[in-house]
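Note sheet for the following structure.
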Amino acid sequence: VQLQAFGGGLVQAGGSLRLSCAASGNFSRVVGVDWYRQAPGKQRELVAHSTSAGNTRYSDSAKGRFSATRDDAANTVYLQMNSLKPEDTAIYCCNVEILTHTLGKPSKRNWWGQGTQVTVSS
């Protein structure tokens, strides 16, 4: 399984960006999705946690501005970020729980996408 991250870049405060992580390889489906970010000198922060049932929880900093969605047919997950602030500047990563079946036996494993830089200028 491979996760390819897209999006990120430089945007002015108040602007929007959409990040995506596309899963490819031999697997059954994407289950859970987490989006993390880490700013320089700060601890990694869980921004959004989505379950396969479609329930999503957001950090207080992301609530109301960020939206985590998914396209199961394309095995791609998205993080739409609106009303961006300079304090949103960080490296963002997806962590995706993948379900596979080997000889009929299901198993789950988490995979990391590569980090993508988001920079918000004031």
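By the 4.5 Å heavy-atom criterion applied to side chains, V118 and L19 are counted as neighbours. Counting only heavy atoms from C-beta outward, the side chains of T89 and Q117 approach each other to under 4.5 Å. Counting heavy atoms from C-beta on, the side chains of R57 and N55 never come closer than 4.5 Å. Here the side chains of V31 and I98 are not in contact, with every heavy-atom distance at 4.5 Å or above. Contact annotation: the side chain of D34 approaches that of L46 to within less than 4.5 Å [non-hydrogen atoms, C-beta and beyond]. Side-chain contact between N95 and W111: absent, with no pair of heavy atoms (C-beta onward) separated by less than 4.5 Å. Between W35 and C93 there is no side-chain heavy-atom pair separated by less than 4.5 Å.
Taking both residues in full, the closest heavy atoms of G115 and I91 are given as CA-CG2, 3.7 Å, listed atom of the first, atom of the second, then distance. When every heavy atom of S122 is checked against every heavy atom of P86, the shortest pair comes out as CB-CG, 3.8 Å. Looking at every heavy atom in both residues, E97 comes nearest to K108 through OE2-CD, 3.3 Å. Looking at every heavy atom in both residues, L79 comes nearest to A48 through CD1-CB, 4.4 Å. What you find for G113 and L3 is that their closest heavy atoms are N-CD1, 3.6 Å. The shortest non-hydrogen separation linking Y58 to S67 is OH-CA, 3.3 Å.
Distance alone, capped at 3.5 Å, is enough to place a donor-acceptor pair between the Q114 side chain and the A5 backbone. Counting only distance, with no hydrogens or angles, the side chain of T102 and the backbone of K105 share no donor-acceptor pair below 3.5 Å.
Interatomic distance, OG1 of T56 versus NZ of K63, reported as 12.0 Å (0.5 Å rounding). Atom OG of S16 is separated from atom CD of Q80 by 5.5 Å, given to the nearest 0.5 angstrom. Between the NE2 atom in H49 and the OG1 atom in T51 there is a gap of 6.0 Å [rounded to 0.5 Å].
Partners of T100 according to the side chain to side chain donor-acceptor pair (under 3.5 Å) rule, which considers only residues two or more places apart in sequence or in another chain, are S107. Contacts of N26 classified as side chain to side chain donor-acceptor pair (under 3.5 Å), with partners at least two apart in sequence or in another chain: none.
Among residues at least two apart or in separate chains, disulfide bond (SG atoms under 2.5 Å apart) pairs with a member in residues 18-75 are C21-C94. Sorted by first and then second residue, the salt bridge (charged side-chain N to carboxylate O under 4.0 Å, His left out) pairs involving residues 71-96 (not counting sequence neighbours) are R37-D88, R65-D88, R70-D72. Here disulfide bond (SG atoms under 2.5 Å apart) pairs that include residues 48-81, with residues two or more places apart or in two chains, number zero. For residues 61-98, there are no ring-ring contact (aromatic ring centres under 6.0 Å, His included) pairs, not counting sequence neighbours.
Linking Ile, Leu, Val, Met, Phe, Trp and Tyr whenever their side-chain heavy atoms come within less than 4.5 Å leaves L99 and V30 in two separate clusters. Cluster membership check: F27 shares its hydrophobic cluster with V77, using side-chain heavy-atom separations under 4.5 Å among Ile, Leu, Val, Met, Phe, Trp and Tyr. Cluster annotation: V96 is connected to V1 through the hydrophobic network of ILVMFWY side chains, with a link wherever side-chain heavy atoms come within less than 4.5 Å.
Side-chain polar atoms of E45 and S61 form a donor-acceptor pair below 3.5 angstrom.
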